[in-house]
Amino acid sequence: MPKAYDPKKVEDKWYQFWLKKNYFRAEVDHNKKPFTIIMPPTNITGELHVGHGLTMTLEDIMIRWHRMKGEPTLWLPGFDHAGIATQVVVERVLASEGTDRHKLGRKKFEERVWQWARDYLKTIREQKQKLGCSADWSRERFTMDEGPSKSVRTAFVNLYDKGLIYKGERIINWCPRCLTAISDLEVDHKDLTGNLWYVRYPYEDGSGYITVATTRPETILGDTAVAVNPDDERYKDVIGKKVILPAVKRVIPIIADEAVSLEFGTGAVKVTPAHDPVDFEIAQRHHLPLIQILNDNASMNGNAGPYKGLDRFACRKAIVADLERDSLLVKIEPYSHAVGHCQRCGTIVEPLASKQWFVTMKPLAQPAIEAVRDGRIIIVPERFNKIYFQWMENIRDWCISRQLWWGHRIPVWYCKDCGKLTVAVEPTTKCQHCQSKNIEQDPDVLDTWFSSALWTHSTLGWPDDTTDMRYFYPSTVMETGYDILFFWVARMIMMGLEDTGNIPFQTVYLHGLVRDEKGEKMSKTRGNVRDPIDIAAEFGTDAMRCAFLTGLAPGADSKLTDVKLENGRNFANKLWNATRFVVKGIPDGKIDLTIKYGSLPTEDRWILSRLNRTIAKVNKMMDDFQLGEALKDIYEFLWSEYCDWYIEMAKTRLRPEYKGTSPLPVLIHVLETSLRLLHPFMPFVTEELWQNLKYRLPAGWRTTDSIMVADYPVADEKAFDDSAEQVMTSIIEIVRAIRNARSENKVAPNRWVTAEIYGGGLAPAIIPYTEAMQTLARAKPLTFHETRLKGTVTENAVVSVLTETDVVIPIASMVDMAAEKERLQKEIGQLEADITRLETRLKDESFLGKAPAAVVNKEKERLAERKDRLARLKQQAGF
RNA sequence: GGGCGGUUAGCUCAGCUGGUUAGAGCACCUGCUUUACACGCAGGGGGUCAGAGGUUCGAAUCCUCUACUGCCCA
């Protein structure tokens, strides 16, 4: 084995091995409960980013863990056609080629996008594999595949038949760049500083003006009324009067409506029903006409009179100039307000009245609220419940039609003869009502999230009654980012319940955003994006997976830093070298790996005890989705206990002259078990090392061909050994005390010191470790006393009073007695403070009365221990 | 405007349902070619857990308020 771990040499090799062995494939076993994760479908808009890296890591860990626990485990991977997003990127490519989709035509354009899709499907799949994903590629799905597409049409038709999908004219958000309607969720509100223009509308009878305030003067062209609040004393007498609309000289009424705020502007507002949601509702109540003033691209249309053809913002300028000229502009105030932007392209969206398809959400939301409220679905972390409920309880109808070419075509055909609609799952050529062939399919496609909402069941075969659907639905965990809780998770719950009558998943695990070193969001415009594939190449995939988990709490944003990556890499290398050491100790030929439990030395019982406690803790943490904490425990066990102490102590036992129990069986057992414990987190290095061990050990040592299908460790409580832990703690304390004394007294590293150890009752247990302690502390000879130190040691000695033992190091070389006194004084002060605190607590009647007996006893023991130590310290140090 | 987080060592963060002497990594300081590992080893310094009040025998942990900060919704 080389000196350092080189991930490049092993990762591909093992991934191909796993693939060839078909380990990723989920098999139905009706005797067992499956564990299922449906992978969030990856957008085909581009390559993977670090957010995907986190998702893949978290899900792969859960999947590998459950697979090793012996559960039939399905991780179903897939892709999302990402309607608008993909169309935007492909259009950009077309633009760079000097063409556009209209020149190409719909059919050619769709072919072009399919080509793009096929390319990215392949690239992204390979990237996921690079990251170690143990997904079932045989079940991979794409939202545009025939199966999921049929699910989409079926779900649409079902909702339509139930009256939950309707087509109607409503105010929607229009993106003038993407030329499509978008849902409320796809609009980002940003506060912009604009102006509030106060404009005079002259009364028709010439009796003066009413002044209205607006942030969008160009919409004056679409006004069909002026409204005031019915309770507004200022305007009581003008209700019912008529005013002349500036710029276009149309005569419109002044009406009263509750929706008008008394505080905004002058209290009188202009009503533009075709371009404002509140105004639209006012218009409905007062039967006002709608006047559209915008073309699709947000230039002014024929209703704009003289402003026709101007862009909306040019028009705004022109109108303001004209108002000023006509002395109709009272004043301009700076005004900051939220302006909607298209999430995809950043263009300011226009609210406008348009005929679109909508889903009635309230009846779908109710059962989805109940599913979370009654605990059938658990959201981790819990605080997202509140956010979920709040959104669901105020849910509004969902605009699902998009004026795009890329996506699922709406399964509705219009009859040009009888005018009726045919809504059908299977494409049709004739009208259901009059059999006419003169029909035309709705040109629009569905919101990409409509198909995403069905993902948990469309991927398993719904609406067909498939084996997978019966066995794997509902899935166990839905792991995704909190940023798409509304977009996706909420809608999956609603549609899952609606389509199947059952929840789509039992637990929702939400992760946060991965940010850069400075805590900034990664984005192309900031230029701080990191490609997970590059990172994996530089540090190793396992190191990257570690980095994602360090300091990760569910639902919290995290930073990906080089320091974390280096740590992960170092840990992999540490493991590599620990294994190298163990492997070096394995003799050629016969080796007996039986652990003789009856006669194990203390450090063996200690490391086995620590191992099993770690296993117990890790399994508990995994159950609670505390993946980061679980990894941390394994890391600390392996590094600080196994490597730092157990291996170091084993070294003396591996010397040829050593005649006692060989440490090899335990050394190997603990390492091998730890590798299995760690495998879900660091699949590549653990497989490589496990195979290395397997190769050198007798045939039949392990029955599986790969660590990834070996058993996940289960804690053996019989291995918990308090007394071994107590003895080892003392041994570690003694070694540390001597090292510490050496260091503080600047003893040359190669110089041997001597020490006397007063072990009391523990002495017999410690004495067998003389040689190990000598080596570890570079102290020889060590003299043991089966008593506690009595009397005073005054001269030329460093005294360390430990929990169970005392160490006295008499050395002429430790000259700095003043420093030593100071250290002792500090320690005494610390102990005295502890004692005071403990005594106060133990005198407190309410503490004694109310605290559990175990806590009181613990405090008593602690006090006794401190007092004992203080007494010894004072006595021995001669204070 | 409504809601949800965060504030713990110089930096980045753990610390889950209240009960250790509050931890880790990095950084810093002092040493080290100790035959697995300098991607390493040994030792060390560093925190009144944002502030105030409250509940409790006991609070980093629960409650209230304040300050700063981030996000979501409207």
Side-chain angles (χ1 to χ4, degrees), chain A residues 1-5 184-185 188-189 338 380-387 389-391 394 482-483 485-486 512-513 515 517-519 521 539-540 543 547 549-585 620-621 624-626 628-629 632-633 635-636 639-640 643-644 647-648 650-651 654-655 735-736 738-750 775-778 830-831 833-834 837-838 840-852 854-856 858-859 862 866:
Chain A
M1 288 173 81
K3 211 170 160 182
Y5 172 56
D184 296 335
L185 275 177
D188 286 335
H189 293 274
V380 179
E382 202 187 352
R383 66 187 155 88
F384 283 98
N385 280 0
K386 205 167 172 181
I387 297 168
F389 290 138
Q390 210 166 298
W391 189 74
N394 297 298
Y482 66 70
D483 52 327
L485 179 63
F486 306 143
L513 238 61
R515 298 169 177 276
E517 314 248 352
K518 290 183 219 128
K521 210 166 165 171
F539 295 93
L549 286 190
T550 34
L552 185 83
D557 292 352
S558 59
K559 287 175 203 174
L560 185 64
T561 64
D562 276 349
V563 164
K564 287 181 184 178
L565 290 162
E566 280 161 14
N567 257 314
R569 181 199 59 192
N570 295 355
F571 181 43
N573 192 57
K574 185 76 180 175
L575 270 176
W576 174 268
N577 277 291
T579 307
R580 238 176 105 216
F581 171 80
V582 172
V583 158
K584 236 179 70 177
K620 166 88 170 59
M621 293 292 187
D624 294 343
F625 295 94
Q626 308 260 338
E629 283 290 290
K632 195 174 129 197
D633 283 337
Y635 178 99
E636 272 169 11
W639 201 311
S640 315
C643 289
D644 286 353
I647 286 189
E648 290 308 318
K651 282 178 181 172
L654 284 170
R655 287 179 192 150
V735 171
R736 287 206 166 127
I738 300 173
R739 282 173 176 172
N740 180 319
R742 295 177 61 106
S743 172
E744 289 200 346
N745 291 283
K746 313 231 184 299
V747 178
N750 58 353
T775 309
L776 294 173
R778 208 163 176 86
Q830 181 68 52
L831 280 170
D834 275 10
R837 188 176 50 76
L838 288 164
T840 313
R841 185 174 297 175
L842 284 164
K843 270 185 211 146
D844 187 341
E845 287 301 326
S846 53
F847 170 71
L848 295 172
K850 292 184 183 173
V855 173
V856 176
K858 214 170 173 184
E859 296 291 81
R862 202 171 285 151
R866 296 290 196 289

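The chains referred to below are lettered A, B, ... by the order of the sequence lines, with proteins before strands, and numbering in each begins at 1.
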Of the candidate nucleotides [options], which contains the atom at the shortest distance from the side chain of [X]?
X       : options                : answer
W639(A) : A36(B), C37(B), C41(B) : C41(B)
R383(A) : C37(B), C16(B), G5(B)  : G5(B)
K386(A) : G3(B), G19(B), C26(B)  : G3(B)
K620(A) : G3(B), C72(B), C16(B)  : C16(B)
Y635(A) : G25(B), A42(B), A36(B) : G25(B)
A851(A) : C72(B), G19(B), C41(B) : G19(B)
E636(A) : C72(B), C37(B), A24(B) : A24(B)
R862(A) : A42(B), U12(B), U21(B) : U21(B)
L185(A) : C73(B), C37(B), C26(B) : C73(B)
R739(A) : A42(B), C73(B), A74(B) : A42(B)

Taking for each residue the nucleotide of RNA chain B with the nearest heavy atom, is it R866(A) or K584(A) whose nucleotide lies nearer the 5' end?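 Whichever sits nearer the 5' end wins; that is R866(A).
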Quick check: on RNA chain B, is the nucleotide nearest D844(A) upstream (toward 5') of the one nearest R569(A), or the reverse? Name the residue that is more 5'.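 Whichever sits nearer the 5' end wins; that is R569(A).
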I want to check something: taking the side chain as every heavy atom from C-beta on, are Q626(A) and K620(A) in contact at a cut-off of under 4.5 Å?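 Q626(A) vs K620(A): side chains apart.
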For R778(A) and R742(A), indicate whether the former's side chain and the latter's backbone hold a donor-acceptor pair under 3.5 Å.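 Checking the backbone N and O of R742(A) against the side chain of R778(A), no donor-acceptor pair under 3.5 Å is found.
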Look only at the side chain of N577(A) and the backbone of A4(A), and say whether a donor-acceptor pair between them is shorter than 3.5 Å.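 Side chain of N577(A) to backbone of A4(A): no pair is present.
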Span that lies between the [atom1] atom of [M] and that of [N], in whole angstrom:
N      : M      : atom1 : value
U61(B) : G19(B) : P     : 11 Å
U8(B)  : G51(B) : P     : 10 Å
U17(B) : U34(B) : P     : 47 Å
A9(B)  : G5(B)  : C1'   : 23 Å
C62(B) : U21(B) : C1'   : 24 Å
A50(B) : A22(B) : P     : 15 Å
G47(B) : A24(B) : P     : 15 Å
G2(B)  : U20(B) : C1'   : 42 Å

Is there a side-chain polar atom (N or O) of [X] under 4.0 Å from OP1 or OP2 of [N]?
X       : N      : result
R742(A) : G43(B) : no
K559(A) : C13(B) : yes
K632(A) : G15(B) : no
N740(A) : G44(B) : yes
N567(A) : C39(B) : no

Can you tell me how far CZ of R569(A) sits from CG of D562(A), rounded to the nearest 0.5 angstrom?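 Atom-to-atom, D562(A):CG and R569(A):CZ are 9.5 Å apart.
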Between CZ of F539(A) and CG of N567(A), what distance do you get to the nearest 0.5 Å?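 With rounding to 0.5 Å, CZ (F539(A)) is 10.5 Å from CG (N567(A)).
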Between L776(A) and R739(A), what is the shortest heavy-atom contact and its length?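 Answer, listing the atom of L776(A) first, then R739(A): O-NE, 3.1 Å.
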Assess whether one donor atom and one acceptor atom, taken from the side chain of E648(A) and the base of A42(B), lie less than 3.5 Å apart.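 Answer no: no donor N or O sits under 3.5 Å from an acceptor.
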Check whether the side chain of K3(A) and the base of C37(B) form a donor-acceptor pair under 3.5 Å.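 No.
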Quick one: [X] [atom1] to [N] [atom2], roughly how many Å, whole number?
X       : N      : atom1 : atom2 : value
D188(A) : A74(B) : CG    : C1'   : 14 Å
L513(A) : G6(B)  : CG    : C1'   : 15 Å
D483(A) : G70(B) : CG    : P     : 19 Å
I387(A) : G2(B)  : CD1   : P     : 17 Å
H189(A) : C73(B) : NE2   : P     : 8 Å
L838(A) : U21(B) : CG    : P     : 7 Å
E859(A) : U20(B) : CD    : C1'   : 9 Å

Look at the aromatic rings of W576(A) and Y5(A) and report parallel, tilted or perpendicular, splitting at 30° and 60°.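 The arrangement is tilted - the two ring planes meet at 30° to 60°.
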Ion pair check, E859(A) and R862(A), cut-off under 4.0 Å: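 R862(A) and E859(A): salt-bridged.
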Test salt bridge (Lys or Arg N to Asp or Glu O under 4.0 Å) on E648(A) and K651(A); report intermediate values, then the result. CA-CA 5 Å; E648(A) 290 308 318; K651(A) 282 178 181 172; 3.2 Å; yes
Do K574(A) and Y635(A) meet the cation-pi criteria used here (NZ or CZ under 6.0 Å from the six-membered ring centre, within 45° of the axis)?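 Because its charged atom misses either the 6.0 Å distance or the 45° angle limit, K574(A) does not stack over Y635(A).
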Defining pairs by Watson-Crick or G-U wobble geometry with both distances under 3.5 Å, how would you list the stems of RNA chain B with at least three pairs each?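 In RNA chain B, stems of three or more pairs: B:1-7 with B:67-73, B:10-13 with B:23-26, B:28-32 with B:40-44, B:50-54 with B:62-66.
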